[in-house]
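Below is one structure; the comments refer to it alone.
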Amino acid sequence: MTSPKTARQDTDHSTGASPARAVRTDLAPRRVAGPHRWWDWVLVTDPGLGQVQAGWRTLVAMVTSLAVGYGMAQALAVPTMIGMMVAGMMGLMSAFAVAGNSWIQLARPILWMPFPYTAVLWLAATLHGDRTLEIGLDAAALAVTFLLARFGPMALLTGMMLFNGLMVGIIAQIPSAMVGKAFAVALVSASAVLVTRLLLCFPMPREDLLRTQRAFVVEARRLADTAVDALDPDTDLNRLERRMNRSLRRLNIVTVTIDGRLAQPEAATDPVVAELLHRHLFDAELALRGIAQAVRVLAAQAPPEELRRALAVGLLMARDTPPAQAGGLRPAVETIREQADAILRDAHADPRAAECATLARRVAELLDSLADSLVSWLALGEQTPTSRAAVPFQPALALENNRIPGSAEPMRRALTARTQSGWQRVVPFVRAPLHAGVAAAIVCPIADAIDPQRFYWGLVGVMITLFGTNTTHERLRKFGHRMIGTVVGAVIGVLLLRLIGHDHVYWTLTVIVLGLSFGSWGMQRAYALWVVGLVAALVQLYGMTTPDSRMNHLLGERLLDNGIGVLVATACAALIFPLSTRTIVREAEHGYVQAVQKLLTQVSARWERPDSPVRLRGAARAVDVALFQLAEVSRPVVRMPLGVRGRGPHHRMALLNTASAHARALAAAADVDIDLSPALAERVRLITGTFTDSLRALDHHLANGTAQGVWRRVGPLVRELQTALRPAAPGPRAQRLQTALHELDALDTALAAYAEQRGLPVASGTGRDQGQPGVRQCRTRGAAAGRGRTRTAQPAAAPAERAEVSTAAHTAPVVPVTGSVTCADHPGGCPAQITVVNARGQRVAHTYTDQGRYRLGLRPGHHTVVVSASDHSPRAEPVTVGAAQPHIRLDVRL
């Protein structure tokens, strides 16, 4: 493996990608580089299969624990319901609260669970008859659970088992003489759950990382496919814009998730290899974003049809090219370049066509860069660290339950910043326990008055409200999810109960297990999905003791008690040591500004000391994480239409999204060795220093609400430096430096507009007030992005001409096109997919081979047939269809 310095020197400075190198294709894990599979959509919606694994883990644990509980109840002469309730709690809590990447990390907490659980079962048994003490202990146990959560996963698990054991002991009325047998049931069931989890759910972090990488490849192919649709002259650009933006968001989430998985020591043991993987994926995402941006502009400008077709064919081949065979993409890239160069060499070419050709060349360069970035990770298995200057990987985030953390980190920072002196130092430890204890003390008497036998439903509402939420908005959203999920789950549960009846125990248990498994799978997607599965399962339990005539009343009581618990807990959290949503939002904004400051510091260090071990891409990824956290804490309780909730928040987030895109591009372009004269180096320091001072002024304004300084634009300084650098010898490094300065100017423009919207005065970098035009321009762009793109105005005759061409195309006869696809491994017929693009760049046909043969129907005209098969580079074959031809035969050998 090369050191960072060597790697920088080997980089293609025009595209930011490393040059293609000979790579053994058999090093590519099939999970990442394999052919298209029908279940790839699952990987995109669930990178790493964390949600699927949660559902499977719950299914295995619940089946095991209920089966063991039933067997132990028969063996020890314990009531079946008690045996299964005690054992089922072991399975449920092991699935929800126990996670680890080794057998020791699983065995320690799972085998510990029976001890605190049965200890409080004995305590509950001794308190039978003392109602006040039972309720008081329940409230105290909930407060202790939140207190122990501050001391690590094992302490949190202990608190949860204490609370659950006390609840089960009060509900089931387990006598003290049966506690010993209950301990035996709990211990045996926990041991059985551990064995089945090790056998059927053994953690494989390396495999999870590969699945996440596969999700990146799949989403990249989706984005390329969307870009092909965007080139269709008849497409709805507004709809394609939304589709492309969704794909780009998913792509960013997947790449950030990969960074989080690389932080797990079991996933990537070599931090230098992890850093290389991080770099390649960062560059691949940047190339995909550039392709999407260029295609959107091209689609709005109606490029020449030959250029449009070349672009569509190139993007189709990029979609279907295996990462290990990037060489197969070169002919399509060269075709795009040839078409673009032909237009650029024509002195009489239309200016609009010349602009489209320039954008097409940019797409070709980015496709080249994308291919190199995707194939580079294959060489990681052959490389070993050889330089002490190699930069190790440093994660920008740590995943929480396989998810990117949202509001938790800004909340912790805001709380710590407000409690750093005197008695306030204990607030972070007692704040959540006080919320839980006070809320429980209020809710329990109310719930007890509604139904003494089920007062714990109010406690459950308190617990679920305070776990996993950090702002009032999040708690109110959870209240809505809880209510909706309870209603939907109750309807489904009652229908299933009437379908199954009360006497089919095995069917009832099946519904319970499947309901909990479904809820576990859906919890990370939407909390309401978990509630639907949980309530549908609980209805089956309620049906064993409650007649059908009282079921609606019982479920109504549950909904009421849960709702009271949620609302009281939300009120307590807002009144006791309050931490408003606005405060957490300001802290998230502070984190974003700090992340941009660190990126600028890294850029300055990279240019001043080329040998310094800086991580520009890592710093840009930290900006992405900060933006994600800010977006999470800024979400409203209910998403309203833009005209109802105002445009201010929408525009501010749009500006920060734009700024983050420029930060990524800056990180890639600035990673270049430069050798400036002392005078030019001083100008660079002035630019980065002025930019940093503006960020400090913005940070102070966001934190205190008062302006201490102004945002001083660096655009004039950047343009002066660019002018001074132009006489220098041109080359890749000079081009990269110019690109970096351009992105620095664009980042300053976006953040200056954001600062102005937040109330900070904006001035130019040279003392002249030149900031306003740039701000107005950025604001106009943001407003245009909010409305969606529209096509560039065409000549008046163009719609009529297009209508005539379209009518003629649809009335022309269809000519059958048949043929076969073969390869060395499949001489009798290769499984492949066939896509046909016409002269206008539209996809007009798509099919799959059957035993290596295919059949299509094409109308007269010039077409390009793209043949894609697994483990082969795609092939593009031109076909001219004439109206007089009765049949066309096209055989392709891959």
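Atom set for the values below is all heavy atoms of this structure, side chains included, hydrogens, waters and symmetry mates excluded. All residue numbers in this chain count up from 1 along the given sequence.
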Taking the side chain as every heavy atom from C-beta outward, state whether Phe628 and Asn252 have any pair of such atoms under 4.5 Å apart.
-> no
Exam field: side chain Thr739 to backbone Gln735, donor-acceptor pair closer than 3.5 Å | yes
Take Leu344 and Arg361, measure what side chain to side chain contact (heavy atoms under 4.5 Å, CB included) needs, and give me the verdict at the end.
-> CA-CA 10 Å; Leu344 293 174; Arg361 278 196 60 86; 3.9 Å; yes
Heavy-atom closest pair, residues Ala318 and Leu367 = CB-CD2, 3.7 Å
Using side chain to side chain donor-acceptor pair (under 3.5 Å) as the criterion, list what pairs up with His742, not counting sequence neighbours.
-> none
Between OG on residue Ser247 and CG on residue Leu240, distance to nearest 0.5 Å = 11.0 Å
Value rounded to 0.5 Å, distance of CD1 in Ile336 from CG in Leu307 | 8.0 Å
Gln722 vs Val718, side chain to side chain contact (heavy atoms under 4.5 Å, CB included): CA-CA, chis, key distance, verdict = CA-CA 6 Å; Gln722 288 178 315; Val718 171; 4.1 Å; yes
Please report the C-alpha distance between Val295 and Leu315 in whole Å, then the side-chain angles of each, then the deciding distance to 0.1 Å, and finally whether the side chain to side chain contact (heavy atoms under 4.5 Å, CB included) criterion is met.
-> CA-CA 10 Å; Val295 167; Leu315 290 169; 4.2 Å; yes
Do the side chains of Arg337 and Glu365 get nearer than 4.5 Å, heavy atoms only?
-> yes
Heavy atoms, side chains only, cut-off 4.5 Å: are Leu751 and Leu698 in contact?
-> no
Show me, pair by pair, the donor-acceptor contacts under 3.5 angstrom made by side chains of residues 404-413, not counting sequence neighbours?
residue: Ser407; atom: OG; partner: Asn470; partner atom: ND2; Å: 2.9
residue: Ser407; atom: OG; partner: Glu474; partner atom: OE1; Å: 3.1
residue: Ser407; atom: OG; partner: Glu474; partner atom: OE2; Å: 2.5
residue: Glu409; atom: OE1; partner: Arg412; partner atom: NH2; Å: 3.1
residue: Arg412; atom: NH2; partner: Glu400; partner atom: OE2; Å: 3.3
residue: Arg413; atom: NE; partner: Glu587; partner atom: OE2; Å: 2.9
residue: Arg413; atom: NH2; partner: Glu587; partner atom: O; Å: 3.3

Mind running side chain to side chain contact (heavy atoms under 4.5 Å, CB included) on Thr358 and Arg362 for me, showing each step along the way?
-> CA-CA 6 Å; Thr358 303; Arg362 176 62 178 161; over 6 Å; no
Salt bridge (Lys or Arg N to Asp or Glu O under 4.0 Å) assessment of Asp673 paired with Arg606 = CA-CA 8 Å; Asp673 294 336; Arg606 177 71 181 89; 2.8 Å; yes
Determine the minimum heavy-atom distance between Gln301 and Cys356, stating which atoms define it.
-> OE1-SG, 3.6 Å
Could you tell me which residues satisfy side chain to side chain donor-acceptor pair (under 3.5 Å) with Thr583, sequence neighbours excluded, listed by chain and number?
-> Ser580
Just by distance, with hydrogens left out, do Thr749 and Arg713 show a side-chain donor and acceptor under 3.5 Å apart?
-> yes
Could you tell me the separation between the OG1 atom of Thr255 and the CD atom of Glu219, rounded to the nearest 0.5 Å?
-> 10.5 Å
Only pairs at least two apart or in different chains count here, so list each ring pair (Phe, Tyr, Trp, His ring centres under 6.0 Å) that has a residue in residues 663-692.
-> Phe691-Trp711
Arg246 with Glu241: basic N within carboxylate O range, under 4.0 Å | no
Any side-chain heavy-atom pair from Arg621 and Glu285 closer than 4.5 angstrom?
-> yes
Partners of Leu281 by side chain to side chain contact (heavy atoms under 4.5 Å, CB included), sequence neighbours excluded?
-> Phe216, Ile258, Leu277
Report yes if some heavy atom in the side chain of Arg250 is under 4.5 Å from a heavy atom in the side chain of Arg222; otherwise report no.
-> yes
If you take all heavy atoms of Ala292 and Leu248, which pair is closest and at what distance?
-> CB-CD1, 4.2 Å
Could I get the full list of salt bridge (charged side-chain N to carboxylate O under 4.0 Å, His left out) partners for Arg758, not counting sequence neighbours?
-> Glu589
Report the residues that fulfil side chain to side chain donor-acceptor pair (under 3.5 Å) with Arg586, sequence neighbours left out, ordered by chain and then residue number.
-> none
Rounded distance [0.5 Å steps], CG in Leu666 versus CG in Asp748 = 11.5 Å
Results of side chain to side chain contact (heavy atoms under 4.5 Å, CB included) for Gln594 - residues two or more places apart only | His590, Gln597, Asp699
Measure the spacing between CG of Leu286 and OG of Ser369 and express it to the nearest 0.5 Å.
-> 7.5 Å
Test side chain to side chain contact (heavy atoms under 4.5 Å, CB included) applied to Leu680 - qualifying residues, sequence neighbours left out = Leu676, Ser677, Arg683, Leu721, Ala724, Leu725
Would Thr212 and Arg261 count as a side chain to side chain donor-acceptor pair (under 3.5 Å) if you check the C-alpha gap in whole Å, the side-chain angles of each, and the deciding distance to 0.1 Å?
-> CA-CA 9 Å; Thr212 312; Arg261 292 196 182 279; 3.0 Å; yes
Heavy-atom nearest pair, Arg696 first then Asp693, reads NH1-OD1, 2.9 Å
Find out whether Arg617 and Arg664 are in side-chain contact, i.e. whether some heavy atom of one side chain is under 4.5 Å from a heavy atom of the other.
-> no
Smallest separation among heavy atoms of Leu616 and Val603, with atom names = CD2-N, 3.5 Å
Measuring from Gln293:CD to Leu298:CG, what's the distance to the nearest 0.5 Å?
-> 11.0 Å
Sequence neighbours excluded, the answer for side chain to side chain contact (heavy atoms under 4.5 Å, CB included) partners of Thr581 is Thr471, Thr472, His473, Val585
Check salt bridge (charged side-chain N to carboxylate O under 4.0 Å, His left out) between Arg242 and all other residues, then give those that pass, not counting sequence neighbours.
-> none
Closest heavy-atom pair and its distance - Gly709, Pro761 = O-CD, 4.3 Å
Would you call His662 and Asp745 a side-chain contact if the rule is heavy atoms closer than 4.5 Å?
-> no
Donor-acceptor pair, Ser604 side chain versus Leu600 backbone, under 3.5 Å?
-> no
Mind checking side chain to side chain donor-acceptor pair (under 3.5 Å) for Ser660 and listing every partner two or more places apart, or none if nothing turns up?
-> Tyr592
Side chains of Thr226 and Arg243: is there a donor and an acceptor less than 3.5 Å apart?
-> yes
Does the side chain of Asn657 come under 3.5 Å of the side chain of Arg249 through a donor N or O and an acceptor N or O?
-> no
Is any side-chain heavy atom of Val228 closer than 4.5 Å to a side-chain heavy atom of Leu311?
-> no
Between the side chain of Arg736 and the main-chain N/O of Ala669, is any donor-acceptor distance below 3.5 Å?
-> yes
